[in-house]
Protein chains: 2
Amino acid sequence: MRLTTKGRYAVTAMLDLAIHAQSGPVSLNDISGRQGISLSYLEQLFAKLRRGGLVASVRGPGGGYRLSRDSSEINVAEVVDAVNESMDATRCHRRGDCQDGEECLTHHLWLELSDQIHAFLHGITLAQLIQRKEIRSTADRQDSIARNRIDAVLSTDDVTG
Amino acid sequence: MRLTTKGRYAVTAMLDLAIHAQSGPVSLNDISGRQGISLSYLEQLFAKLRRGGLVASVRGPGGGYRLSRDSSEINVAEVVDAVNESMDATRCHRRGDCQDGEECLTHHLWLELSDQIHAFLHGITLAQLIQRKEIRSTADRQDSIARNRIDAVLSTDDVTG
DNA sequence: GTATATCCGACTATTTCAGTCAACTTTAGA
DNA sequence: TCTAAAGTTGACTGAAATAGTCGGATATAC
Ligand code: FES
Ligand code: FES
């Protein structure tokens, strides 16, 4: 079992997508700027998210990514899964055969843990998350920082160029 | 967050210890034979378990390891923790500072997941586990295989030596 | 004193993560 | 039609962790 930056970034990026959905496709460049994730790395992640059927792409200028389903129909477990981070805690991938084809002493324990984790992550949709006030305020902060950065670049251009 | 063979082996070995506690100290050699874990690797793990205060050692012939507390006072979370496999799902180690010193979008989500996992693992003691019938029967199977192996070695010695 | 055990440190092969880089295709808009 | 903005793809990398192995040192029951 493993949850690393890869899976966390994937959920973060999907949330960013859900939050900014109303203004058309969202470019990876925007997500990169707001969430502090490298553009190249995002490209890798979105290749998997697209293959997993979670997002659809729009190429060309003004393009980007859209959720392929409503945010209320996408849960966190799916997102983590799509980038190949299995939340399965067993060693045998639920087969019960990790000691000479038989169950090891701890098989049932890890099975139950897996079910707990899966139930938790499966029960939370992107739509639910973006309703939360702590997430809304974090998103607002990120948006205003992004706007300031654009303003700063523009005024620097005015002065130096 | 990470749960790999290291943490699983640690729990397996501690369970084996708890099951065979009544017959004095248990040697790593016995655990290795019953659980199919390499002796050298077990030595590494038990060094950490000992440093973590979960087991005590008895050196010399007939020696081995004992639980340093009653099996009802040792929970699974402690064991996994002792071998340095953190079940913390956050990126910031609960500090809430993983994006420029501020909370990232998903901080609270991972915090809640961490709490779920910890509550689950913390709530299960070794004593509870060795009461379970599926674990008892697995342990019985392992014991009889180990006995057969010893018998086979002895009779082979009789024939060839 | 010897066999049995724990202790300890160094070593290694493999895998994954986290990220970079270069080159390519598609397409909106001037 | 040209260009720049975007996605698409594959190869590459450094660092870290995993899952061990190996050799030897130390303690101790018999
Ligand atoms: S974890 Fe399933 S058999 Fe060991
Ligand atoms: S996970 Fe805690 S701030 Fe990002």
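In what follows, every chain begins at residue 1, and chains take the letters A, B, ... in the order their sequences are listed. Only a predicted model underlies this, so the values are computations on that prediction, with no experimental measurement involved.
Protein atom CD of B:E43 is 11 Å distant from nucleotide atom C1' of D:dG23, rounded to whole Å. Across the protein-nucleic acid pair, A:L39 atom CG and D:dG7 atom P stand 8 Å apart, rounded to whole Å. Per the geometry, CZ belonging to A:R2 stands 12 Å off P belonging to C:dT15, to the nearest Å. Summarising the geometry, the separation between CG on A:L45 and P on C:dA18 is reported as 10 Å, rounded to the nearest angstrom. Distance A:I37 CD1 to C:dA18 P: 12 Å, rounded to the nearest Å. For A:R51 and D:dT9, the CZ to C1' distance is 9 Å, given to the nearest whole Å. The separation between A:Q44 atom CD and C:dC21 atom P is 14 Å, rounded to whole Å. Separating the CZ atom of A:R59 from the P atom of C:dG29 is a distance of 17 Å, rounded to the nearest angstrom.
One finds no salt bridge joining A:R50 and A:E43 here, because no Lys/Arg side-chain nitrogen approaches an Asp/Glu carboxylate oxygen to under 4.0 Å.
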Name each donor-acceptor pair under 3.5 Å that joins a side chain in residues 10-18 of chain B to protein atoms two or more places apart or in another chain, with its distance.
residue	atom	partner	partner atom	Å
B:T12	OG1	A:T106	OG1	3.3
B:T12	OG1	B:R8	O	2.8
B:D16	OD1	B:H20	ND1	3.4
B:D16	OD1	B:R34	NE	3.4
B:D16	OD1	B:R34	NH2	2.8
B:D16	OD2	B:R34	NE	2.9
B:D16	OD2	B:Q35	NE2	2.6

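A side-chain donor-acceptor contact under 3.5 Å links A:T4 and A:E85. Side-chain contact of A:Q142 with B:Q99: a donor-acceptor pair under 3.5 Å is present, judged by distance alone. At a cut-off of 3.5 Å, with distance as the only test, a side-chain donor of B:S114 or B:D88 sits close to an acceptor on the other residue.
Closest non-hydrogen pair, A:P25 versus A:G63, comes out as CB-C, 3.8 Å. A:R141 approaches B:E102 most closely through the heavy-atom pair NH1-CB, 3.3 Å.
For D:dG7, neither phosphate oxygen OP1 nor OP2 lies less than 4.0 angstrom from any side-chain nitrogen or oxygen of A:S57. The side chain of B:S38 contributes an N or O atom lying less than 4.0 Å from OP1 or OP2 of D:dT21. Between B:T5 and D:dA19 there is a side-chain polar atom (N or O) within less than 4.0 angstrom of OP1 or OP2. In this structure, B:K6 reaches the D:dT18 phosphate: one of its side-chain N or O atoms is under 4.0 Å from OP1 or OP2.
For A:Y41, the side-chain atoms get nearest to C:dC17 when compared with the rest of C:dC17, C:dA5, D:dA6. Closest to the side chain of B:Y65, out of D:dT21, D:dA4, C:dC7, is C:dC7. Here D:dT21 is the nucleotide among C:dA5, D:dT21, D:dT18 with the atom lying nearest to any side-chain atom of B:S40. For A:P61, the side-chain atoms get nearest to C:dT27 when compared with the rest of D:dA29, C:dT27, D:dT21. Each of D:dT18, D:dT8, C:dC17 was ranked by its minimum atom distance to the side chain of A:T4; first place goes to C:dC17. With C:dC17, C:dG19, C:dT6 as the choices, the nucleotide that has an atom nearest any side-chain atom of A:Y9 turns out to be C:dG19.
Nearer to the 5' terminus of DNA chain D, by closest-nucleotide assignment, is the contact made by A:G63 (compared with the other of A:G63 and A:R50). Mapping A:G7 and A:G62 onto DNA chain C by nearest heavy atom places A:G7 at the nucleotide closer to the 5' end.
End-to-end axis angle of the helix from C:dG1-D:dC30 to C:dA30-D:dT1, from C1' rotation axes over five pairs per end: 10° (rounded to 10 degrees).
A single hydrophobic cluster is not seen to contain both A:L39 and A:V58; linkage of ILVMFWY side chains at heavy-atom distances under 4.5 Å, directly or through other members, places them apart.
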